[in-house]
There are 2 protein chains.
Amino acid sequence: MQAICYNLFAMCGEEKNCPIFYSLEIFGDRWSLLILRDILHFDKNRYTEFLGSDEGISTNILSDRLKKLEKEGIISKHRDPDNKKQFIYSPTKKCLDLVPIIIELAVWGAKYDPDTKAPPEEMAKIRKNRKDYIDSIRTKFKSIDD
Amino acid sequence: MQAICYNLFAMCGEEKNCPIFYSLEIFGDRWSLLILRDILHFDKNRYTEFLGSDEGISTNILSDRLKKLEKEGIISKHRDPDNKKQFIYSPTKKCLDLVPIIIELAVWGAKYDPDTKAPPEEMAKIRKNRKDYIDSIRTKFKSIDD
DNA sequence: CAAATAGCTTGCATATTGCAAGTTATTGTG
DNA sequence: CACAATAACTTGCAATATGCAAGCTATTTG
């Protein structure tokens, strides 16, 4: 245990290059992570599906965030071959690497929300073996390589 | 692996009770997580120390976020017994449970920031054994029980 | 080619943030 | 015990971001 450097400050050199700040600059707002949750965990991939989420994102913000996430290479946008009116937003590999963050958000929220509806058994499984859950999401999107 | 429910949606019942959304409501803004990073990883615990961070939070926002985090029971505020002019902001147990989230933000940021200064060896150690790193932070704040 | 649908864009009111300056509380000094 | 210094805010205001409603554009379907 002593071998690990226990201060992330030492990892960054300076705060300006802090990897935590870098991440927050890209998706550290309320809506970006909710869109990514919808894609990765709720299996949504269309504009109208994101709009339909309970939290009620507005059209201009959704449009803006989808553009930003696409620009950052976190999602990709393609026309649906079966319904050419629609676009399909898919996670990239960079996006799949966000799964651990979203899992930890869920674990913390389920622990501290007094009104949580997250089933305790399921949460216990995920807490005990995060890797399996992460793998299952990777399997779900296994066709993705970019 | 098949035993795990692979859709967090099923965990929530409805999105309104989603543990991810709950977490984001509390600290899902750019500044809250940076303050918590300062406390947990950069060993800062005073108003002026937070103000001094490279990212440049302004006084009113810092004041507002410290109040919110205290109200949520994530940090506690006490006068410094050695310098009674100052207050000391300390992490609660609820705060220590945020370490995994911040670690994952750091891991993702270090992987994708082309200009990261995070030393690859240190990041590799943390990626390989998150638990040790989490334990080391718990040890650092081992006096905390609330 | 007209209606329907999906995916935006625009305008405007409201809310949040950033910056500079001022205020309060406590401490150390004469 | 006045008085300057320090730490921790608070306030006012301009700039930015968000929320909401309405309108616009591209594609498909009849």
Side-chain angles (χ1 to χ4, degrees), chain A residues 15-16 20-21 23-39 42-72 74-91, chain B residues 15-16 20-21 23-39 42-72 74-91:
Chain A
E15 292 165 28
K16 278 259 190 279
I20 299 163
F21 184 57
S23 294
L24 291 175
E25 278 191 311
I26 293 177
F27 53 80
D29 69 284
R30 173 187 185 132
W31 293 117
S32 297
L33 279 169
L34 285 178
I35 293 169
L36 295 168
R37 172 205 64 178
D38 281 354
I39 292 176
F42 292 2
D43 298 327
K44 297 185 178 182
N45 52 21
R46 290 175 173 82
Y47 187 90
T48 42
E49 289 180 308
F50 303 135
L51 266 189
S53 286
D54 281 354
E55 290 87 9
I57 189 170
S58 51
T59 55
N60 50 352
I61 304 295
L62 175 57
S63 173
D64 177 75
R65 295 302 188 276
L66 288 172
K67 271 178 204 155
K68 279 188 185 170
L69 291 172
E70 194 190 358
K71 189 173 153 241
E72 291 292 341
I74 291 172
I75 58 174
S76 63
K77 181 183 178 180
H78 300 291
R79 251 181 218 292
D80 182 349
D82 299 327
N83 180 353
K84 289 186 181 170
K85 265 184 240 177
Q86 297 197 146
F87 290 99
I88 291 181
Y89 294 92
S90 312
Chain B
E15 292 165 28
K16 279 259 191 278
I20 299 163
F21 185 56
S23 295
L24 292 175
E25 277 190 312
I26 293 177
F27 53 81
D29 69 284
R30 175 188 184 127
W31 294 116
S32 298
L33 279 169
L34 286 178
I35 293 169
L36 296 168
R37 172 206 64 179
D38 281 354
I39 292 175
F42 292 2
D43 298 328
K44 298 184 179 182
N45 53 20
R46 288 175 174 82
Y47 187 90
T48 43
E49 289 180 307
F50 303 134
L51 266 189
S53 287
D54 280 355
E55 290 90 7
I57 189 170
S58 51
T59 56
N60 51 351
I61 304 295
L62 175 57
S63 173
D64 177 76
R65 295 302 187 276
L66 288 173
K67 270 179 205 154
K68 279 188 185 172
L69 292 171
E70 195 191 357
K71 189 172 153 241
E72 290 293 340
I74 292 172
I75 57 175
S76 63
K77 179 183 179 179
H78 300 292
R79 251 183 217 291
D80 182 350
D82 300 327
N83 180 354
K84 289 185 182 172
K85 264 186 241 176
Q86 297 197 147
F87 289 98
I88 292 183
Y89 294 93
S90 312

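The sequence lines fix the lettering, A, B, ..., with proteins before strands; numbering per chain opens at 1.
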Report, one pair per line, the protein and nucleotides 13-20 of chain C atoms (nitrogen or oxygen only) whose separation is under 3.5 Å.
from	atom 1	to	atom 2	distance (Å)
C:dT17	OP1	B:Arg65	NH2	2.8
C:dT17	OP2	B:Arg65	NH2	3.1
C:dG18	OP2	B:Trp31	NE1	3.1
C:dG18	N7	B:Asn60	ND2	3.2
C:dC19	N4	B:Asn60	ND2	2.7

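- When rounded to the nearest whole Å, the span between NZ of A:Lys67 and P of C:dG7 equals 14 Å.
- Listed pair A:Lys77 / C:dC8 meets the phosphate criterion, a side-chain N or O lying under 4.0 Å from OP1 or OP2.
- In this structure, the side chains of B:Ile20 and A:Leu33 stay at 4.5 Å or more apart for every pair of heavy atoms.
- Residue B:Lys44 comes nearest to B:Gly52 through the heavy atom pair NZ-C, 4.5 Å, listed as atom of the first residue, atom of the second, then distance.
- Between A:Glu55 and A:Trp31, the closest side-chain pair of non-hydrogen atoms falls below 4.5 Å.
- Across the protein-nucleic acid pair, A:Ile75 atom CD1 and C:dG7 atom P stand 12 Å apart, rounded to whole Å.
- Residue B:Arg65 comes nearest to B:Ile35 through the heavy atom pair CB-CD1, 3.6 Å, listed as atom of the first residue, atom of the second, then distance.
- Counting only heavy atoms from C-beta outward, the side chains of A:Asp29 and B:Asp29 never approach each other to under 4.5 Å.
- C:dT26 atom P lies 7 Å from atom CZ of B:Phe87, rounded to whole Å.
- Between B:Thr48 and the phosphate of D:dA8, there is a side-chain N or O to OP1/OP2 separation shorter than 4.0 Å.
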Go through the steps for B:Leu34 and B:Ile57 under the test side-chain contact (heavy atoms from CB on, under 4.5 Å), then give the verdict. CA-CA 9 Å; B:Leu34 286 178; B:Ile57 189 170; over 6 Å; no
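- Between the C1' atom of C:dA6 and the CG atom of A:Leu66 lies a distance of 13 Å, rounded to the nearest Å.
- Heavy-atom distances under 4.0 Å link DNA chain C to A:Lys85, A:Gln86 of residues 78-86 of chain A, given in residue order.
- In this structure a side-chain-to-backbone donor-acceptor pair under 3.5 Å is missing from A:Arg30 to B:Gly28.
- For the pair A:Leu69 CG and C:dC8 P, the interatomic distance rounds to 13 Å; values are reported in whole Å.
- Atom-to-atom, CG of A:Leu34 to P of D:dT18 comes out at 13 Å; the value is rounded to the nearest Å.
- Rounded to an integer number of Å, the gap from A:Leu62 CG to D:dA17 P is 18 Å.
- Here B:Phe27 pairs with A:Trp108 under the ring-ring contact (aromatic ring centres under 6.0 Å, His included) rule; sequence neighbours left out.
- The CG atom of B:Leu51 sits 16 Å away from the P atom of D:dT6 (whole-angstrom rounding).
- A heavy-atom distance below 4.5 Å is found between the side chains of A:Ile75 and A:Ile39.
- At least one side-chain nitrogen or oxygen of B:Ser63 sits closer than 4.0 Å to the OP1 or OP2 atom of D:dT10.
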